[in-house]
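Single-structure report; data block below.
Letters A, B, ... mirror the listed sequences (proteins, then strands); counts begin at 1.
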There are 2 protein chains.
Amino acid sequence: MTRKQNSTYSSNEKYLVACDLTYALQKIHGRWKLQILDKLKDGRLRYNELRREFSHITERMLTLQLRSMEHDGLISRTVYAEVPVRVEYGLTEIATELGPILNQLSLWGRKQRQKA
Amino acid sequence: MTRKQNSTYSSNEKYLVACDLTYALQKIHGRWKLQILDKLKDGRLRYNELRREFSHITERMLTLQLRSMEHDGLISRTVYAEVPVRVEYGLTEIATELGPILNQLSLWGRKQRQKA
DNA sequence: CTGTATCCACTGTGATACTG
DNA sequence: CAGTATCACAGTGGATACAG
């Protein structure tokens, strides 16, 4: 996730666009992240609710991706001190702003898929 | 690049957005692709011209990424039967349409970087 | 319920050398 | 000039079992 890659082009103004872009893409890069973002768009979900949404995901991967997204400020994690424990995940403001952009990219993708 | 991943969620309408999106993201996924896209925005370039733009790229990687992008319909490759051989790469229409979208994503990325 | 720990396979990237 | 071939390695994703 933290690559030396940035050193390749961080010193030159001309590369700034690609640099921001790379920064953005790194945050949504991962097999499950976009699907998680998509699910949480409709409201906060618990760990096991998410797990059920993606029947093929392993616990390990769900945890890893959630941690990563939390670290990147895309989702918020709330623990309720109940018994048994309840944990809810929701989108942050920043992740919500991503919605429209991803929709456009999605449309671009659909357009290409239809041609192919 | 060709993942079984799609089988995970191709059967359900609700996943279509993420599916198109994944499709799109796969096409621009790779360490150098965005930078290549960025360079070619300003006009067609030859193999060695591209190589010089990214001083750290290996010939192997440049070739691999170019081939992949060509296969994905993002760039076009033209060979001129001269001596020595001349090969030029340029953006396809589809890749050009990607520009504005990537700019938005880029702005989102910049916004986040400034906060962090 | 919400995770961690361990082990393993695959993939992307890179270094280096070589070619028509 | 414009690539290929070969080897190597780290990161990522996955299967399975275990834990607070």
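- Here B/Asn48 lies in heavy-atom contact (under 4.0 Å) with sugar-phosphate atoms only.
- For the residue pair A/Arg77 and A/Tyr89, a side-chain donor N or O sits within less than 3.5 Å of a side-chain acceptor on the partner.
- If you take CG of B/Leu34 and P of C/dT13, they are 11 Å apart, rounded to a whole angstrom.
- The side chain of B/Arg77 places an N or O atom within less than 4.0 Å of a non-bridging phosphate oxygen (OP1 or OP2) of D/dG3.
- Atom CG of B/Leu25 and atom P of C/dG12 are 15 Å apart (whole Å).
- Rounded to a whole Å, the CE atom of A/Met61 is 18 Å from the P atom of C/dT6.
- B/Tyr80 comes within contact range of no nucleotide atom at all, as no heavy-atom separation falls under 4.0 Å.
- Using modelled atom types and a 3.5 Å distance limit, the side chains of B/Thr78 and B/Arg86 yield no donor-acceptor pair.
- Counting to the nearest Å, the P atom of D/dT12 and the CD atom of B/Gln26 are 17 Å from each other.
- Rounded to an integer number of Å, the gap from A/Arg31 CZ to C/dT11 P is 12 Å.
- When heavy atoms are screened at a 4.0 angstrom cut-off, A/Gln65 is found touching the sugar-phosphate backbone but no base atom.
- One finds a side-chain N or O of B/Tyr89 lying less than 4.0 angstrom from the OP1 or OP2 phosphate oxygen of D/dG3.
- Phosphate contact (OP1/OP2 of C/dC1, side-chain N/O of A/Arg51, threshold under 4.0 Å): absent.
- Computed from coordinates, the B/Arg46 CZ to D/dC1 C1' distance equals 7 Å when rounded to whole Å.
- Judged by distance alone with a 3.5 Å cut-off, a donor-acceptor contact links the side chain of A/Glu59 to the base of D/dA17.
- When heavy atoms are screened at a 4.0 angstrom cut-off, A/Arg60 is found touching base atoms of the nucleic acid.
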